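Worksheet: one structure, shown below.
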Number of protein chains: 2
Amino acid sequence: MSDVRPIPMQTFRRLPGYHRYLKELAGQGVETIAAVAIAKEMKLHEVQVRKDLAAVSVSGGRPRMGFRVEELLRSIEHTLGYDNVSEALLVGVGQLGRALMTYEGFEQLGLRILAGFDCDPAVAGTEVGGKPVLPMEKFCDFCRRTQVHLGILAVPGETAQQVCDLMVGCGILAIWNFAPVHLTVPAHILVEDENMALSLALLSQNLKRQMEQGDLF
Amino acid sequence: MSDVRPIPMQTFRRLPGYHRYLKELAGQGVETIAAVAIAKEMKLHEVQVRKDLAAVSVSGGRPRMGFRVEELLRSIEHTLGYDNVSEALLVGVGQLGRALMTYEGFEQLGLRILAGFDCDPAVAGTEVGGKPVLPMEKFCDFCRRTQVHLGILAVPGETAQQVCDLMVGCGILAIWNFAPVHLTVPAHILVEDENMALSLALLSQNLKRQMEQGDLF
DNA sequence: TAGATTGTTAATCGATTAACAATC
DNA sequence: TAGATTGTTAATCGATTAACAATC
């Protein structure tokens with residue numbers, strides 16, 4: 001129910017999940033929801049949900065009634081920064097890069113990709129998702145002129161470190177890394193790996209465990 | 001140093017990061033590495049890294065020498081299940097679906113996508129990444145025949161729940177969900193959201209905080 | 001041997017859960 | 001009012017960090 005106290009990290013991590021579910025409810029015209037109901041649907045502990053919601057909601061919930069769906073949505077969006085547009089430049093307009101440039105949901109998450117960059121001359125000069133694709137040579141100039149500090153790295157693993165270094169040299173401060181390699185960066189640069197390997201491992205390990213159990217009974 | 005005790009969840013989550021860095025070291029011909037060195041490069045606490053490695057490594061590290069890179073890699077791969085191939089079916093051969101079907105790194109992570117499915121007749125019948133794309137009508141039959149239990153959901157949000165229900169009806173037990181919506185599933189079905197919204201939020205919030213701090217000093 | 005480095009035990013911290021009081 | 005539901009305080013649990021012993 002505050003805007004002052006910092007949100008616990010684990011709560012923050014669960015927020016996108018709540019947001020998705022509340023979006024669904026809002027779409028169905030549901031106006032209020034009890035923490036218990038959210039917990040049941042999302043397979044979380046009831047008290048955990050109450051605490052999470054209390055940590056972000058401005059007005060809090062009301063006994064007998066629960067939380068107002070729209071208010072919760074706004075609160076979560078604010079906490080996650082969806083209402084604060086970040087501009088980004090993407091490097092590597094391959095299959096994945098195209099998918100990211102085309103994806104329309106990013107605007108809703110507060111991300112605006114201004115342009116893509118690629119060293120392949122066949123790709124440079126085209127448009128993807130209504131955004132220009134420029135040759136790699138123009139990256140630094142573009143980056144400095146637009147004062148963008150967020151870079152999306154979608155090149156193959158082999159060139160990722162090299163492109164990363166270039167980004168850092170041009171003033172990029174935070175890198176969203178889709179390349180499946182470890183990036184070495186100076187201390188003040190933020191790197192967030194989009195770690196598909198992790199979700200995949202979590203999923204397949206759980207599946208394996210469940211099927212082994214299933215076999216036993 | 002065990003294979004018996006369960007790996008703490010937080011350790012498990014860090015494993016893909018170690019794996020990537022160790023891969024890089026192995027590629028450079030480095031044979032042994034100290035936990036301290038890993039900690040420094042990955043910006044983690046030294047003791048945490050020691051504990052993590054101790055939890056997965058079969059033979060453990062040796063004083064003065066550190067851990068053997070290759071042995072660590074094998075141990076982590078085993079823990080994450082990379083050495084255990086899971087077969088999967090993908091539904092939704094759009095930009096993202098194509099990127100996933102084309103991505104060659106999955107084999108290394110123990111994932112084999114057998115086929116893609118799409119309801120667009122223009123896409124069905126083609127091949128992507130050397131794998132067949134079949135019409136949606138063939139999904140259930142294919143799924144049952146091949147006994148595949150892992151489904152990759154890469155359709156737009158609007159049709160995701162519907163496709164999800166179909167998957168569950170055909171025997172899929174675990175769903176890797178790339179659609180940006182909440183999925184409602186029966187209790188025994190596993191869903192792992194590939195939550196790009198989260199990494200993006202983490203990154204842009206940290207960037208914001210860092211830039212605000214930077215402005216003050 | 002001395003020193004680097006691992007491994008372990010204990011202390012701290014943060015997150016989850018349980019119990020219960022407050023409120024509409 | 002009674003009951004559903006929130007919010008809070010205390011107890012438990014798990015993860016991180018600190019201190020130190022073990023070992024090559």
Side-chain angles (χ1 to χ4, degrees), chain A residues 1-18 21-22 25 30-73 75-76 79 198 202, chain B residues 1-18 21-22 25 30-73 75-76 79 198 202:
Chain A
M1 188 156 172
S2 109
D3 216 25
V4 189
R5 264 179 292 191
I7 310 284
M9 177 55 77
Q10 300 308 315
T11 296
F12 193 90
R13 296 185 159 273
R14 283 186 292 268
L15 293 182
Y18 295 128
Y21 181 47
L22 291 164
L25 292 174
V30 176
E31 290 185 359
T32 63
I33 181 90
V36 209
I38 299 182
K40 203 178 172 196
E41 176 68 21
M42 297 185 57
K43 291 155 192 171
L44 296 173
H45 189 105
E46 170 200 334
V47 181
Q48 189 173 61
V49 175
R50 278 218 299 278
K51 281 219 157 164
D52 286 347
L53 299 186
V56 291
S57 170
V58 178
S59 60
R62 292 213 297 174
R64 290 237 49 169
M65 196 179 118
F67 291 80
R68 287 206 306 283
V69 172
E70 284 299 333
E71 194 265 326
L72 271 186
L73 276 170
S75 303
I76 292 174
T79 308
L198 176 61
L202 283 167
Chain B
M1 188 156 172
S2 106
D3 214 24
V4 188
R5 264 179 294 191
I7 310 285
M9 177 56 78
Q10 300 306 317
T11 296
F12 193 90
R13 295 185 160 274
R14 284 186 291 268
L15 293 182
Y18 294 128
Y21 181 46
L22 291 165
L25 292 174
V30 176
E31 289 184 1
T32 64
I33 182 88
V36 209
I38 299 182
K40 204 177 171 198
E41 175 69 21
M42 296 185 57
K43 291 156 189 169
L44 296 173
H45 189 103
E46 171 201 333
V47 182
Q48 190 172 61
V49 175
R50 277 218 300 279
K51 282 220 158 169
D52 286 348
L53 300 187
V56 290
S57 169
V58 178
S59 60
R62 291 213 298 173
R64 287 237 50 168
M65 198 179 116
F67 291 80
R68 289 207 304 282
V69 173
E70 284 298 333
E71 194 264 328
L72 272 185
L73 277 171
S75 303
I76 292 174
T79 308
L198 176 60
L202 282 167

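Source: prediction; values computed, not measured. In what follows, chains carry the letters A, B, and so on, assigned in the order in which the sequence lines appear, proteins first and then strands, with residues in each chain numbered from 1. Any value given below was found using the heavy atoms of this structure, including those in side chains, with hydrogens, waters and symmetry copies removed.
- Not counting sequence neighbours, the partners of A/R14 by the side chain to side chain contact (heavy atoms under 4.5 Å, CB included) test are A/Q10, A/T11, A/Y18, A/L44, A/Q48, A/D52.
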Considering only nitrogen or oxygen atoms on both sides, find all protein atoms under 3.5 Å from nucleotides 21-23 of chain C and state each distance.
none

DNA chain D in dot-bracket form (Watson-Crick or G-U pairs under 3.5 Å, [ ] crossing, | inter-strand) is ..||||||||||||||||||||||

For nucleotides 12-20 of chain D, give me one character per nucleotide, 5' to 3': B if any protein heavy atom sits under 4.0 Å from the base, S if the only such contacts are to the sugar-phosphate, - if neither. ---SSBB--

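- Atom CZ of A/F67 is separated from atom C1' of C/dC24 by 14 Å (rounded to the nearest Å).
- Rounded to whole angstrom, the span from the CE atom of A/M65 across to the C1' atom of D/dG7 amounts to 16 Å.
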Return a table of donor-acceptor pairs under 3.5 angstrom between the side chains of residues 63-72 of chain B and protein atoms on other chains or two or more places apart.
from  : atom 1 : to    : atom 2 : distance (Å)
B/E70 : OE1    : B/R74 : NH1    : 2.6
B/E71 : OE1    : B/S57 : OG     : 3.0
B/E71 : OE1    : B/S59 : OG     : 3.1
B/E71 : OE2    : B/V58 : N      : 3.1
B/E71 : OE2    : B/S59 : N      : 3.3
B/E71 : OE2    : B/S75 : OG     : 3.0

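- Separating the CD1 atom in A/I76 from the CG atom in A/L22 is a distance of 5.0 Å, to the nearest 0.5 Å.
- In this structure A/F12 satisfies the ring-ring contact (aromatic ring centres under 6.0 Å, His included) test with no other residue, sequence neighbours excluded.
- Here CD of B/E41 is found 4.5 Å from OH of B/Y21. Values are rounded to the nearest 0.5 Å.
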Would you please test B/L202 and A/M9 for side chain to side chain contact (heavy atoms under 4.5 Å, CB included) and show each step? CA-CA 10 Å; B/L202 282 167; A/M9 177 55 77; 3.9 Å; yes

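- Atom pair B/R68:CZ and C/dT5:P shows a separation of 17 Å (rounding to whole Å applied).
- Nearest-nucleotide assignment on DNA chain C puts the 5′-proximal partner with B/V36, out of A/R62 and B/V36.
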